[in-house]
Amino acid sequence: MQPYDTQSIEKKWQQAWEEAGIFHAQNDSDREKFYCLVEFPYPSGQGLHVGHPRSYTALDIIARKRRMQGYNVLYPMGWDAFGLPTENYAIKNHIHPEIVTQNNIAHFKAQLQALGFSFDWSREINTTDPDYYKWTQWIFLQLFKKGLAYKKEMSVNWCTSCKCVLANEEVVGGVCERCGSEVVHKVKSQWMLKITEYAQRLIDDLDEVDYIERVKTQQKNWIGRSTGALITFHTNVDHDVTVYTTRPDTLFGATYMVLSPEYAPIEDWKREGLIQNVPAVEAYQQEAARKSDFERTEMAKEKTGVRLEGVAAVNPVTGENIPVFISDYVLVSYGTGAVMGVPAHDSRDWEFAKKFGLPIVEVVAGGNVQEAAFTDVETGVMVNSGFMTGMTVEQAKEAIKDYMTEKGFGQRKVNYKLRDWVFSRQRYWGEPIPIVHCEKCGYVPVPEDQLPLKLPMVDSYEPTDTGESPLAAIDSFVNTTCPHCGGPAKRETDTMPQWAGSSWYFLRYADPHNNTALASKEALAYWTPVDWYNGGMEHTTLHLLYSRFWHKFLYDIGVVPTKEPYARRTSHGMILGENGEKMSKSRGNVVNPDEVVAQYGADTMRLYEMFIGDFEKSAPWSTTSIKGCRRFVDRVWALQDLLNDEAGETPALQKALHRTVKKVTGDIEEMKFNTAIAAMMALLNEIDKVGSLSKTDYTTLLRLLSPFAPHVTEELWALMGGEGFCSVAPWPTYNEALCVDNEMEIAVQVNGKVRARVTLPADADQAAALAAAKQDEKIAAELAGATVVKEIYVKGKLVNLVVRK
RNA sequence: GCGAGUGUGGCGGAACUGGCAGACGCGCCAGACUUAGGAUCUGGUAUCUCCGAUGUGCAGGUUCGAUUCCUGUCACUCGCACCA
């Protein structure tokens, strides 16, 4: 037996697979397709992280198994290569981002190939390739034509360190998700995408897809649908104010009103001299504008505000005059930017009322509203509410909505927390937005036949302090002619966010070299939707939501044949450092995959990542545990010594073998890779106990293990004289009849405690089991002098005798 | 605060639909082979007051029977966070 040398074996087979093209998907095929996908990585300078292969190995196992089962499998890989780290690295080291990207990709690709993933490299894509981003730009133009891309002067999240606009989704806890620096507000003119137009469909169509529940709830919460009402209050300043509320039933308890400091009509009132305390109001407005998101969150503990002296509103049902305030606890960007204050039944309003000494009027009985706001909608009963008094909250909600509609001061309204997508970035390393601004014609799309609009080569791509994109400094790029009137015009200099290229990449894999469409209709009809998509939970409200939005848009304009891009979505847990903390350079707990492969081999690395624990949960890396997986591979290799004949099967092992095939086949589908591997380890223990193994059984085991440890099994397959590649050999089948025992061990309980075990033939019935149980010496002793009250028999499992002494 | 999830040996983790808790692996202990062992092989390994009892974060409940279902509670993780 030759020694097991991972280095030579793994290289050899990786090359052989690529040369034979056995992992290439076929576009014209009668076979059933299976499209499985993992999130393509951002090729960072740090190279592959041990977290990447967890997802890639899992779906590689599924892809390989499906191939062995005869499917036409598409398992592609590519590069999400636009992005800030590359640009920052380029600036620091004076290398063009394109070169940085090329180098990083080469490094990443070599690392991935060393792990033996069965990617179809002939379909490799790269979002920074002009032939690719041509279609990213094309999709943007379609959005623009349908009015779903628009430019808007607005307050945006501005990262002080990246000098760049961030989407709401990229601001975490008031700081930049990427660099952790402070995020402030800045008014800028930005390209926006109307994702809000799709809010309801993005919720509704979740019913049609098979996503793990966590992902569905997180998306629903993010979109944040709420049902309520718009209610209009008359004021003494001849300007009605409309508020949004989810609790119109509490209208009788509205004792004041609060406007956001940015509420636009306030400026008119100031100008018209309707507000008597303008200096105090303006001071508050300036203070609120100055605060960053982070400060606002921090200061959220205590309510602040200023009353608008001279302004009063009228509660439409009580007819009473109520005071009007401004306060930063009301957000200008949600609802109407104005709310009615019902201190008795909203905890924020309660705090505000206490601070400002406003009346607290109870309209839902059930709590003590002087002590705390009573917000329970399940048990409350209406009081002090005119015609609604005595109703439940639910009844009152409907009654008041009907009433206000009839009287004309209000209407039903659905609101979403989801905001439109800020699509502009003031950066160099992104897709140029293909729009030209003409003094006469306004925003004009670049004609489609001029795509791709390429990034110009420049010397400096440093961000400017003014907040302009580096592209703004390149006159030859900026100055152009209007495609519409031919007059002088200027190009848009903002670029797209990183999420653009990844919002449709899965479509490109279906037909990656097409230069007349993003992919042919036939290819899309055959391959979409993605059958199985695995990725990180951190992408649930970003990439996953954005790409569903784009896909739905492409469906609406007839480009793709399905409403939803992904039929099934699963998610993996993180791999933590050995100390149980997130891996990071600063914590010094990073594991380098190259070193693991060099020391143990790719097969061991793959096995360990799958064996480490429940796939959906995070798990700490262990440098000692991985040895167990290497031992397992060594023992599989050493089985060559136990081969004893040319004969068919090893009778003593038949049951164990068939059961293992069944277990592994099922576990892979449920992503229970850890128990699948455990089952194969148990089988190995069984084989060692028996002490001999037939070649037939050995090759069955090799095929079963092949998706997990493809190199060593391929080598052993060749040594056994197997036909073709083990990687595409038929998946082993099992005989159900051979999986069941002809004997069963039954636990015998007395009053729920196990007292004995009896062995019975598999076909024994209840009577036989009970009789055998009672004959057992120990049980007989237990039963002496007692009455059996109840006898329970669970087939194949246990007997429980309930006795009374 | 709201939403989602997780608590099982020294460690990572198993346990179908309520039916023998601790599969498999690591580590550890003992032995074998060795000049040697951080290699390999064999056996053992939840706890205790060890012929018995206890044990799946804690306290209850339902049940013949609960890691699994229900109620309450504590701790941790993740997401959102003044969304009216």
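Convention: sequence-line order gives letters A, B, ...; per-chain numbering from 1. Being a predicted model, the structure only gives us computed values, none of them experimental.
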Q: Take atom P in A23(B) and the same atom in G43(B), then report the distance between them in whole Å.
A: 15 Å
Q) Below 4.0 angstrom from OP1 or OP2 of A84(B), is there any side-chain N or O of Y329(A)? A) no
Q.
Taking A4(B) as the reference, what is the distance to G27(B) when you measure between their C1' atoms (whole Å, please)?
A. 34 Å
Q.
Looking at Y329(A), I'd like to know if the NZ or CZ of K303(A) sits under 6.0 Å from its six-membered ring centre while staying within 45 degrees of the ring's axis.
A. yes
Restricting both atoms to N or O, compile the protein contacts to nucleotides 3-13 of chain B shorter than 3.5 Å, with distance only.
unit_1: G3(B); atom_1: O2'; unit_2: N221(A); atom_2: ND2; d: 2.9
unit_1: G12(B); atom_1: O2'; unit_2: I612(A); atom_2: O; d: 2.6

Q.
I need the single residue from I575(A), L576(A), N589(A) that forms a side-chain contact (heavy atoms from CB on, under 4.5 Å) with W621(A). Which is it?
A. I575(A)
Q.
Using atom C1' in both nucleotides, what's the gap between G79(B) and G9(B) to the nearest angstrom?
A. 32 Å
Q: Tell me what R630(A) touches on the nucleic acid: a base, only sugar-phosphate, or nothing, going by heavy atoms under 4.0 Å.
A: nothing
Q | Validation row: V342(A), V361(A) side chains within 4.5 angstrom (heavy atoms) | A | no
**Q.** Atom-to-atom span, CG of L331(A) to P of C80(B) - whole angstrom
**A.** 16 Å
Q: Can you spot which of I746(A), V799(A), I779(A) makes a side-chain contact (heavy atoms from CB on, under 4.5 Å) with V758(A)?
A: I746(A)
Q: May I ask you to verify whether the side chain of K303(A) and the base of C82(B) hold a donor-acceptor pair under 3.5 Å?
A: yes
(Q) Would you measure the distance from the C1' atom in A21(B) across to the matching atom in C16(B) and give it in whole Å? (A) 15 Å
Q) Roughly how far apart, to the nearest Å, are G19(B) and C28(B) at atom P? A) 36 Å
Set out, line by line, the N/O atom pairs under 3.5 Å between protein and nucleotides 64-69 of chain B.
unit_1: C64(B); atom_1: O2; unit_2: N800(A); atom_2: ND2; d: 2.5

**Q.** Flag side-chain contact, heavy atom, 4.5 Å: L684(A) against L639(A)
**A.** yes
Q) What are the two closest heavy atoms between G380(A) and F374(A), and how far apart are they? A) CA-CE2, 4.1 Å
Q) Considering only heavy atoms from C-beta outward, does the side chain of R54(A) approach that of R606(A) to under 4.5 Å? A) no
